[in-house]
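One structure is given below, encoded as structure tokens.
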Amino acid sequence: MMTTTIMNWPPSLNPLANLLHSVVDFPIIVSLLRNSHRRSTIAPLHSLRHCEEIDRENDLALYDELVSFNKFAHRQPLPSIKDFCKLLTRIVKMNHYSVVISLVQRLDVLGVKSDIYAFNIAINCFCHLNRVDFGLSVFGKALKRGFEPDYATFNTLIRGLCADGSLDQAHKLFDQMLESGFKPNIVTYGTLINGMCKLGNTTDAIILLRKIEEESPGVIIYSTIIHTLCKNRQVTHALHLFQEMTEKGITPNVVTYLCLMQGLCSSESPQLAKRLLDDMLARNISPNLQAFNVLINALCKLGLATESHNFLAFMIEKGMLPNTTTYNTLIKGYCLIQRLDKAKHLFNYMSTQGCDHDVVSYNVLINGYCKNQEIDEGLTLLKKMSKQKIDPNVVTYTTIIHGLCLVSKLEDALVIFHKMQDCGHIANVVTYSTLIDTLCKHERVNEALYLFKLMDDTHVPPDVFTFTSIIDGLCKVGEIDAANDYFLELSCRGLQPSVCTYTAMIGGFCRNRRLDEGEELFMKMEESGCVANVHTYTVMINGYCRNGKVDEANELFVKMKESGCLPDSCLINSIIQGFLLQNEMTKAIQYVDILRENGFLLDVYTEALLQNFQCCGVLEHSSKKGVEIFSQECNGE
DNA sequence: CTAGGGTTAG
């Protein structure tokens, strides 16, 4: 009688699932569920309050479905497996995969006759929990019990394997599918193509697209590839595919347009994005609210808040009401171009339009003021939000701390840091890193190290930014060996040094007469595929200059330009200084010319050094004349 | 039951 069970399930992934298995008291389950959510959101997610609100809604909806399940379970005769599957599907849509797996188990206990649909749902849930291995074992079980897999079974597993990064296995299953007499359908191809795209294999995805042309790939497959091309900054290629699909009579939809418009905005062609929007409207495809928000955001990021603002009237005209996110996005856009007046105005305006402020609205505006060094405005807003009964969260506090750090009110920042924790807000990696970075920049490295240790004690893992601040701080106070220890520890913790981390450490070596180690690390960096930027070149070239390695400095300068990295004023000035200090007059003058060619000015220190050498009469006459003229130009004479 | 996209805060 138990032939229909899916027995011997892998152990539960979630304690909640066990609980559901044995307990019938749903209110208790729901309350536990809430707690389990809360616990899991503390460390990784940024906005506790925000998540909790969403979870609460989600939990209530889940609660309703669990009540329905319970009613089903007590009905005589039992509802069919189809009815149960409908219910399970709704829970799947809420992303409660472990719950669904538990409920499928309960179906067996209840003696509901299973079918391939139920197996497919379970397989799908395991795939979504990143356990395609369990999905495969359920698949095996289904076969053993004589259930015929269908398209959904194969396609679901192929998706799971792709998501797991096992493209080879996905292809194997594809072959197995053929052997079982299933001709892959358009969904199978779509799944494979999406898998290839997500795994960075766009070329193969396009090859597959060409192979299945007679299967008439639809708008979804084209959109998948267009999306990937846009993400990879191959917008031109994406536009070609777009043209191709329309010529074939495949109608693009809102997704296709949205991908392209985002791609065009991020490749800084907002005009083309706008033309595409017109095209879309002309085809009577109306963007939804999210689409508008995405566009507004894309324009704002380009510093086009004003243009973006025009969209507001436009979207209202199209019958779409902006929401809080729309306004928050625009406020952020105005802050970005330092139009705090406009930002503040919009902030006030939104609440007159029925869009209530949320914690993000405040955070965006506070950040705008803080970045503008108007910390008092930020603090005023902080008070105001409490009055509006909007609780500041860890982001709010971190923003304020950052603002205080920016104006060197470090003690005040530390006060807020303690105060927020007294209020029950747990500092996260950004909070700590902000303080650590500032302490290091003020050469208060011991206090920074104390906080770094506190992070470990409070189980807030440092990230590459935290490490970089510490390494830079230690280098600045000459503690090169200690800095190097942290540099080594970083990789022990499974983190990748960033170009800033490398630059800090290389700079530390080079400034402390450990040029060889700096050079070695520079090479290691390149080997690891990390691309040097102008700061990295500056510290390295500086190291060469100040150690009398003129040729090496020159060579690296040339190499830098070949690699497409443009020198800045700081780099060239410091090369001139380096050469002057080494009495390499000819070279120094050569770089004065380079400075001039690039349209940069001598900085104060370089100028002082130059004049010193001129007074000593070291410069040849012609060079001397050139430098004089240049100095005058620099001084605006 | 199976394939695509998507906005805001440090």
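When reading the values below, keep in mind they use all heavy atoms of this one structure, side chains included, and skip hydrogens, waters and symmetry mates. On a predicted model such as this, the values are computed, not experimentally measured, just so you know. Just so we're on the same page: letters track the sequence lines, and every chain starts at 1.
- For Asn367(A), whose side chain is taken as the heavy atoms from C-beta onward, the closest listed nucleotide among dA9(B), dT2(B), dT7(B) is dA9(B).
- Seen from the ring of Phe119(A), Lys141(A) does not count as a face-on cation partner, given the 6.0 Å and 45° thresholds.
- Here Tyr222(A) pairs with nothing under the ring pair (Phe, Tyr, Trp, His ring centres under 6.0 Å) rule; sequence neighbours left out.
- Neither OP1 nor OP2 of dT2(B) sits under 4.0 Å from any side-chain N or O of Asn120(A).
- A salt bridge links Asp115(A) and Lys82(A); the closest N-O separation between the charged side-chain nitrogens and carboxylate oxygens is under 4.0 Å.
- For Ile186(A), the listed nucleotide lying nearest its side chain is dA3(B); candidates were dA3(B), dG10(B), dT7(B).
- Nucleic acid contact for Lys301(A): sugar-phosphate only, since backbone atoms but no base atoms lie under 4.0 Å from a heavy atom of the residue.
- A donor-acceptor contact under 3.5 angstrom links the side-chain atoms of Asn253(A) to the base of dG4(B).
- Counting atom types as modelled, Asn428(A) pairs a side-chain N or O with a base atom of dG10(B) as donor and acceptor under 3.5 Å.
- Among the nucleotides dG4(B), dG6(B), dG10(B), the one closest to the side chain of Val395(A) is dG10(B).
- The base of dG4(B) lies outside donor-acceptor range of the side chain of Thr224(A), with no N or O pair under 3.5 Å.
- Closest contact between the side chain of Ile220(A) and the listed nucleotides dT8(B), dG6(B), dG4(B) involves dG4(B).
- Ring centers of Tyr362(A) and Phe347(A): under 6.0 Å apart, within the cut-off.
- Regarding Leu241(A), its CG atom lies at a distance of 14 Å from the C1' atom of dG4(B), rounded to whole Å.
- Cation-pi geometry between Arg131(A) and Phe134(A) is met: under 6.0 angstrom from the ring centre, within 45 degrees of the axis.
- Of all the residues in residues 317-337 of chain A, Thr325(A), Asn328(A), Thr329(A), Lys332(A) reach under 4.0 Å from DNA chain B with at least one non-hydrogen atom.
- Between the base of dA9(B) and the side chain of Asp358(A) there is no donor-acceptor pair shorter than 3.5 Å.
- We find that CG of Leu365(A) is positioned 11 Å from C1' of dA9(B), with the value rounded to whole Å.
- Taking side-chain N and O atoms only, Asn363(A) has no distance below 4.0 Å to OP1 or OP2 of dG10(B).
- As rounded to whole Å, 15 Å separates atom P of dT7(B) from atom CG of Leu299(A).
- Ion pairing between a basic and an acidic side chain is recognised when a charged N comes within 4.0 Å of a carboxylate O; Lys183(A) and Glu215(A) show such pairing.
- Ion pairing between a basic and an acidic side chain is recognised when a charged N comes within 4.0 Å of a carboxylate O; Glu307(A) and Lys274(A) show no such pairing.
- Counting atom types as modelled, Ser223(A) pairs a side-chain N or O with a base atom of dG4(B) as donor and acceptor under 3.5 Å.
- Residue-level contact check: Thr431(A) touches the bases, meaning some heavy atom is under 4.0 Å from a base atom.
- Regarding Met177(A), its CE atom lies at a distance of 13 Å from the P atom of dA3(B), rounded to whole Å.
- A straight line from OH of Tyr222(A) to P of dG5(B) spans 18 Å, rounded to a whole angstrom.
- The shortest distance between the side-chain N/O atoms of His402(A) and the OP1/OP2 oxygens of dA9(B) is not below 4.0 Å.
- OP1 or OP2 of dG6(B) lies within a sub-4.0 Å distance of a side-chain N or O belonging to Lys231(A).
- With sequence neighbours left out, Lys198(A) forms a salt bridge (Lys or Arg N to Asp or Glu O under 4.0 Å) with no residue at all.
- Checking dG6(B), dA9(B), dG4(B) against every side-chain atom of Val359(A), the shortest atom distance belongs to dA9(B).
- Within the 3.5 Å criterion, the main-chain N or O of Glu374(A) finds no donor-acceptor partner in the side chain of Asn372(A).
- Look at CE on Met196(A): it is 13 Å from C1' on dA3(B), rounded to the nearest Å.
- For dC1(B), the OP1/OP2 oxygens have no side-chain nitrogen or oxygen of Asn124(A) closer than 4.0 Å.
- Note: CG (Asn232(A)) to C1' (dG5(B)) measures 15 Å, nearest angstrom.
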